[in-house]
S.K.: 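Could you have a look at this structure, given as C-alpha cells, before my questions?
Because the structure is predicted, anything quoted here is derived from the model rather than measured.
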Amino acid sequence: MFKRNKIKACLLSILLIIFCVTACKTNNAPTPQPESYSKPPSGSQKPLTDENIDNEINYIQTPMTTPAPNPEPSVAVDEAIGYFQTTLLDQSKSRLHNITLASEKIDGFVLQPGQVFSFNEVVGQRLPERGFKKAIVLIKGKRGYEEGGGICQISSTMFNAAEKAGMEIVERHSHSKDVHYLPLGRDAAIVYGEQDLKFKNTRDFPVKLHAYIEGDKMVTSITRAQ
C-alpha cells in the first residue's frame with residue numbers, strides 16, 4: 001500500500017513539472033499582431049504627422065520658375081537692319097544729277113533713338129541756287145518739269161528700307177499715278193512744304209541712313225550707328 005502511494009506521488013510530480021514547463025513556453029511566445037500594426041519609430045525617427053508630411057512634400061517639390069524672355073538679338077555696328085533698292089528706269093543726266101545731289105545729303109545721316117527723320121528737312125528746298133536741275137516730275141497726275149525732279153525715287157526706296165528696319169512711318173504719300181519702279185502704295189511722293197516722308201527711329205540705338213546709286217540701281221539702307 002505504501003509503495004502504491006509513492007508511485008502516485010511520483011506521477012503527480014512529473015505531471016506538475018510538465019505543466020509548469022508548458023506554461024512558461026506559452027507566456028514567453030510573441031503576441032501575434034494585426035496586419036495593420038506598424039513598428040513604432042526608433043529614437044532617430046519622428047512619427048508621421050500632418051506637419052511632417054507637409055514638410056516632406058515641400059522638400060521634394062521642384063520650384064516653379066518663369067523662363068527669362070529671349071533678349072532681342074544684338075545688332076553689330078554697320079550691320080544693315082533695313083535694305084531696299086529700285087531700278088533707275090529714267091537715267092537722264094538732269095534726273096541722275098538730282099538723285100546724286102539729294103542722296104549725298106541723306107547718306108551718313110544719323111538718327112537718334114526716338115528722333116524723327118524728315119526727308120524735306122534733310123534734303124532741303126529744291127532750288128537752282130542749291131544745285132538742283134529741272135527734270136520730269138508727276139504733278140497732279142500729269143508729267144512736268146521741276147527742279148529736283150527724280151528725287152522721289154530716293155524717298156520711295158528709303159520708305160521701303162525704313163519699313164524693313166522696323167521704323168515707325170509717321171508720314172507718307174502715294175503718287176497720283178504709277179511711278180513704274182514701284183507699285184502704288186509702296187512709293188513715297190515728296191513735295192517741299194506739302195508732302196513729306198517721315199519716320200521715327202524706334203530702336204534703342206542710333207541708326208545711320210545710306211543712299212547712293214550703284215549701277216542702274218537706287219540703293220538705300222539703314223544700319224546701326226556707333
S.K.: I'd like to check the side-chain contact (heavy atoms from CB on, under 4.5 Å) partners of Lys133; sequence neighbours left out, ordered by chain and number.
M.R.: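 Per chain and number, Lys133 pairs via side-chain contact (heavy atoms from CB on, under 4.5 Å) with Ser94, His97, Asn98.
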S.K.: If you compare all heavy atoms of Ser155 against all heavy atoms of Ile190, which two are closest, and at what distance to 0.1 Å?
M.R.: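 Here Ser155 and Ile190 meet closest at OG-CG1, 3.6 Å.
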S.K.: Show the nearest heavy-atom pair for residues Asp178 and Pro183, with the distance to one decimal.
M.R.: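 Taking Asp178 first and Pro183 second, the nearest heavy atoms are OD1-CA, 4.4 Å.
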S.K.: State, yes or no, whether a side-chain contact exists between Glu121 and Val116 at a heavy-atom distance under 4.5 Å.
M.R.: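 No. Closest side-chain heavy atoms not under 4.5 Å.
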S.K.: What are the two closest non-hydrogen atoms of Ala211 and Ser103, and how far apart are they?
M.R.: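 Looks like O-CB, 3.5 Å.
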S.K.: Are Val191 and Val122 connected, step by step, through hydrophobic side chains (Ile, Leu, Val, Met, Phe, Trp, Tyr) whose heavy atoms are closer than 4.5 Å?
M.R.: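 Val191 and Val122: separate clusters.
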S.K.: Do the side chain of Arg126 and the main chain of Gly149 share a donor and acceptor less than 3.5 angstrom apart?
M.R.: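 No, the answer is negative, given that no donor and acceptor are paired below the 3.5 Å cut-off.
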S.K.: Mind checking the NE2-OG spacing from His173 to Ser156? Nearest 0.5 Å is all I need.
M.R.: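 Here the interatomic distance stands at 12.0 Å.
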S.K.: Quick test of your reading: applying salt bridge (charged side-chain N to carboxylate O under 4.0 Å, His left out), list the pairs with at least one residue in residues 151-166, sequence neighbours left out, ordered by first then second residue.
M.R.: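 Of all non-adjacent pairs touching residues 151-166, those that pass salt bridge (charged side-chain N to carboxylate O under 4.0 Å, His left out) are Glu163-Arg186.
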S.K.: Atom CD1 of Ile151 and atom CZ of Phe132: how far apart are they, to the nearest 0.5 Å?
M.R.: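 Nearest 0.5 Å value for the CD1-CZ distance: 5.5 Å.
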S.K.: Report yes or no: do Asn120 and Ser118 form a side-chain donor-acceptor pair below 3.5 Å?
M.R.: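 Checked: Asn120/Ser118 side chains show no N/O donor-acceptor pair below 3.5 Å.
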S.K.: Scan for salt bridge (charged side-chain N to carboxylate O under 4.0 Å, His left out) pairs involving residues 144-161, sequence neighbours excluded, and state none if there are none.
M.R.: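 Pairs touching residues 144-161 that pass the test: none.
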S.K.: Once rounded to the nearest 0.5 Å, what's the spacing between atom CG of Leu96 and atom CD of Gln153?
M.R.: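 These two atoms lie 9.5 Å from each other.
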S.K.: Only pairs under 3.5 Å count here: list side-chain donor-acceptor contacts from residues 214-226, not counting sequence neighbours, and write none if there are none.
M.R.:
{"residue": "Lys217", "atom": "NZ", "partner": "Thr87", "partner atom": "OG1", "Å": "2.8"}
{"residue": "Thr220", "atom": "OG1", "partner": "Phe84", "partner atom": "O", "Å": "3.3"}
{"residue": "Thr220", "atom": "OG1", "partner": "Thr157", "partner atom": "O", "Å": "3.1"}
{"residue": "Thr223", "atom": "OG1", "partner": "His210", "partner atom": "NE2", "Å": "2.9"}
{"residue": "Arg224", "atom": "NH1", "partner": "Val75", "partner atom": "O", "Å": "3.1"}

S.K.: For a 4.5 angstrom cut-off between non-hydrogen side-chain atoms, does Asp204 reach Pro113?
M.R.: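 Not in contact.
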S.K.: Would you mind reporting whether Ile99 and Leu88 have side-chain heavy atoms less than 4.5 Å apart?
M.R.: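 Counting from C-beta outward, Leu88 and Ile99 do come under 4.5 Å.
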S.K.: For the CD atom of Glu171 and the NZ atom of Lys198, what is their distance to the nearest 0.5 Å?
M.R.: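 Interatomic distance, Glu171 CD to Lys198 NZ, rounded to 0.5 Å: 5.5 Å.
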S.K.: Considering residues at least two apart in sequence or located in another chain, which fulfil the ring pair (Phe, Tyr, Trp, His ring centres under 6.0 Å) criterion with Phe117?
M.R.: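 Partners of Phe117 by the ring pair (Phe, Tyr, Trp, His ring centres under 6.0 Å) criterion, ordered by chain and then number, come out as Phe109, Phe199.
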S.K.: Are the side chains of Leu209 and Asp107 in contact, using a 4.5 Å heavy-atom criterion?
M.R.: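 Not in contact.
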S.K.: Can Ile213 be reached from Ile154 by stepping across I, L, V, M, F, W or Y side chains whose heavy atoms are under 4.5 Å apart?
M.R.: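 Yes, because Ile154 and Ile213 connect within a single hydrophobic cluster, where side-chain heavy atoms sit under 4.5 Å apart.
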S.K.: Could you please spell out the steps behind the side-chain contact (heavy atoms from CB on, under 4.5 Å) verdict for Arg130 and Lys105?
M.R.: CA-CA 12 Å; Arg130 300 188 69 242; Lys105 298 180 182 298; 3.7 Å; yes
S.K.: Applying the 4.5 Å side-chain criterion to the ILVMFWY set and letting contacts propagate, would Tyr83 and Val110 be lumped into a single cluster?
M.R.: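 Not linked; separate clusters.
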S.K.: Return the minimal non-hydrogen interatomic distance between Ala189 and Gln195, and the atom names on each side.
M.R.: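 Heavy atoms only, the tightest pair is CB-OE1, 3.7 Å.
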S.K.: Would you say Arg203's side chain and Gly166's backbone share a donor-acceptor pair under 3.5 angstrom?
M.R.: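 No, the answer is negative, given that no donor and acceptor are paired below the 3.5 Å cut-off.
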S.K.: Taking a hydrophobic cluster as the set of Ile, Leu, Val, Met, Phe, Trp and Tyr residues connected by side-chain heavy atoms closer than 4.5 Å, whether directly or through intermediates, do Leu111 and Tyr212 fall within one such cluster?
M.R.: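 No, separate clusters.
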S.K.: Can you tell me how far apart OH (Tyr192) and CZ (Phe119) are? Round to the nearest 0.5 Å.
M.R.: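 Nearest 0.5 Å value for the OH-CZ distance: 12.0 Å.
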S.K.: Looking at OG of Ser174 and CG of Leu184, how far apart are the two atoms once the value is rounded to the nearest 0.5 Å?
M.R.: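 Ser174 atom OG to Leu184 atom CG measures 6.0 Å (nearest 0.5 Å).
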S.K.: Is there a side-chain contact between Cys152 and Tyr181, using heavy atoms and a 4.5 Å cut-off?
M.R.: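 Cys152 vs Tyr181: side chains touch.
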S.K.: Is there a path of hydrophobic side-chain contacts, each under 4.5 Å between heavy atoms, that joins Ile106 and Ile81?
M.R.: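 Per the 4.5 Å side-chain linkage, Ile106 and Ile81 are co-clustered.
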S.K.: Listing request: all salt bridge (charged side-chain N to carboxylate O under 4.0 Å, His left out) pairs with a residue in residues 187-196, at least two apart in sequence or in separate chains.
M.R.: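 Applying salt bridge (charged side-chain N to carboxylate O under 4.0 Å, His left out) to every pair that reaches into residues 187-196, excluding sequence neighbours, yields Arg172-Asp187.
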